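The next block holds one structure in the form of structure tokens; read it before the comments.
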Amino acid sequence: MSEKDYLQDLSEIKNIMSRSTRFMSLSGLTGILAGIYALIGAYLGNQLLKNYQNFDYGDNTINPNGVEIKILAIAIGVAVISIITAFILTKKKAANEGQTIWNSTTKRLLFHFSIPLITGGFFSLILLNQGFYGFVAPATLIFYGLAIVSASHFTFSNVKYLGLAEIILGLIAMNYIGYGLYFWAIGFGVFHIIYGTIMYIKEKK
Amino acid sequence: MSIIENINKTFDNRVRLGIMSALMVNESVDFNTLKELLNVTDGNLASHIKALEKVAYVLIQKQFIGKKTNTKYSLTKLGKAEFIKHINALEKLIRNNK
């Protein structure tokens, strides 16, 4: 065996170690599209609030006729469309790389992603139920950030920076109760588009 | 000379190197996952696993999930130690040749 063969051996070892533990078929395009959906959702939510008479930003005591339910419905809609987009794009990218979408790395990724996320989901529902509407937006940002950081061990490790940014944004949002929609637009919209674009450019290289 | 001694002949094969690499970073891996990861045939993979089991580097655990058998593989302490030795030797060899 020549030196070149040994070098190839080492790079192959590295490659298999990474492929057998991390799920790399996520596409940057998913982030960009999810961000755009979130911005559209935030715009629709804002229109709803504008139509509600006497609404004033900064007012955290609103409980208008089902407006918060409609905004919740928009948020869930955005999440569902984002998940469908992620599924389709991931499947396509995995097929291009000759990998399957449902393997042990995907299962691990989803498991570690969903624990903070489901916890945050219930936490937010309890907040809504208790009437703490203003805390829902910061809470979703914080738990979403924690979910990303937790999942970052099982995919591209730089996604943890997106997670940390969401957590910090969520903590800032806690101080500006009543402006949740704006923070949602930044966290789920702008941050996703920025991270997705960086990843997309890296993929093309 | 000692560097050459540490180059392990058992790992002088891409498939075996692949099996060892995957098992180093996972608690255990099943047959089909290994097959997909390394892109090899059933027979090829089975024969290399057998060779690694023979020298007591790899541990085989058979389980029943319903009626189907599920075979999982993991590294023994010896296997881990030998693989680390092998990689260190490769690294040194490359560095010395520079």
Side-chain angles (χ1 to χ4, degrees), chain A residues 1-27 86-115 149-160 203, chain B residues 3-40 45 48-49 52 57-58 65 70-75 79-80 82-98:
Chain A
M1 253 188 167
S2 72
E3 184 194 340
K4 211 185 154 204
D5 289 331
Y6 289 131
L7 271 174
Q8 254 176 23
D9 275 4
L10 282 180
S11 82
E12 179 74 8
I13 289 167
K14 224 176 113 186
N15 179 294
I16 286 172
M17 283 182 170
S18 147
R19 261 196 302 143
S20 67
T21 48
R22 287 171 188 269
F23 184 72
M24 307 306 252
S25 299
L26 285 168
S27 160
F87 179 75
I88 294 169
L89 290 179
T90 303
K91 206 173 171 187
K92 214 174 126 197
K93 196 177 170 199
N96 283 344
E97 291 168 348
Q99 292 205 30
T100 51
I101 187 167
W102 193 241
N103 55 35
S104 57
T105 59
T106 340
K107 285 176 206 163
R108 243 183 302 198
L109 176 72
L110 288 178
F111 179 74
H112 289 269
F113 185 62
S114 51
I115 291 174
V149 173
S150 157
S152 70
H153 302 286
F154 307 97
T155 181
F156 302 99
S157 64
N158 63 13
V159 76
K160 67 173 170 280
E203 279 166 38
Chain B
I3 296 168
I4 304 288
E5 274 167 34
N6 278 334
I7 294 281
N8 195 328
K9 281 273 177 250
T10 318
F11 302 136
D12 208 0
N13 172 292
R14 280 283 150 79
V15 181
R16 289 185 201 173
L17 220 49
I19 297 167
M20 295 299 291
S21 307
L23 296 183
M24 274 302 275
V25 288
N26 288 284
E27 242 176 282
S28 66
V29 181
D30 62 36
F31 192 86
N32 286 331
T33 306
L34 271 180
K35 202 176 95 178
E36 192 184 301
L37 199 64
L38 305 174
N39 210 1
V40 288
L45 181 59
H48 285 299
I49 289 176
L52 290 171
Y57 291 175
V58 167
I65 298 178
N70 179 277
T71 316
K72 282 183 163 185
Y73 305 95
S74 57
L75 287 190
K80 271 185 191 167
E82 287 299 321
F83 192 64
I84 290 168
K85 240 199 265 174
H86 180 72
I87 290 181
N88 286 340
L90 286 186
E91 227 181 1
K92 265 186 205 158
L93 203 71
I94 291 162
R95 230 180 259 153
N96 286 359
N97 280 354
K98 265 182 188 163

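Worth knowing before you read on, the calculation uses all heavy atoms, side chains too, and leaves out hydrogens, waters and symmetry mates. Note that the structure is predicted; figures quoted are calculated from it, not measured. Chain letters run A, B, ... following the sequence lines, proteins first, then strands; residues in each count from 1.
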- Message: Could you walk me through whether A:I16 and B:M20 satisfy the side-chain contact (heavy atoms from CB on, under 4.5 Å) test, starting with their C-alpha distance in whole Å, then the side-chain angles of each, then the deciding distance to 0.1 Å, before giving a yes or no?
- Response: CA-CA 9 Å; A:I16 286 172; B:M20 295 299 291; over 6 Å; no
- Task: Show your working on side-chain contact (heavy atoms from CB on, under 4.5 Å) between A:R19 and B:L37 and close with a plain yes or no.
- Result: CA-CA 8 Å; A:R19 261 196 302 143; B:L37 199 64; 4.1 Å; yes
From [atom1] ([X]) to [atom2] ([Y]), nearest 0.5 Å:
{"X": "B:S21", "Y": "A:E12", "atom1": "OG", "atom2": "CD", "result": "7.5 Å"}
{"X": "B:E36", "Y": "A:S104", "atom1": "CD", "atom2": "OG", "result": "8.5 Å"}
{"X": "A:D9", "Y": "B:H86", "atom1": "CG", "atom2": "NE2", "result": "6.0 Å"}

- Distance-minimising heavy-atom pair for B:A22 and A:S20: CA-OG, 3.9 Å
- Begin with the C-alpha distance, continue with both residues' side-chain angles, and end with the deciding distance and a verdict on side-chain contact (heavy atoms from CB on, under 4.5 Å) for A:I13 and B:F11. CA-CA 11 Å; A:I13 289 167; B:F11 302 136; over 6 Å; no
- Message: Using only non-hydrogen atoms and a strict under-4.5 angstrom cutoff, which residues of residues 25-33 of chain B touch chain A?
- Response: B:V25, B:N26, B:T33
- With side-chain contact (heavy atoms from CB on, under 4.5 Å) as the test, would you mind laying out the steps for A:L10 and B:I94 before giving the verdict? CA-CA 10 Å; A:L10 282 180; B:I94 291 162; 3.6 Å; yes
- With a cut-off of 6.0 Å (strictly less than), are more than 12 heavy atoms of other residues, nucleotides or ligands near CG of B:N39? no
- Query: Checking heavy atoms, do the side chain of B:L38, its backbone, both or neither come under 4.5 Å from chain A?
  - Reply: side chain
- Message: Is A:R22 close to chain B through its backbone or its side chain, or both, or neither, when contacts mean heavy atoms under 4.5 Å?
- Response: neither
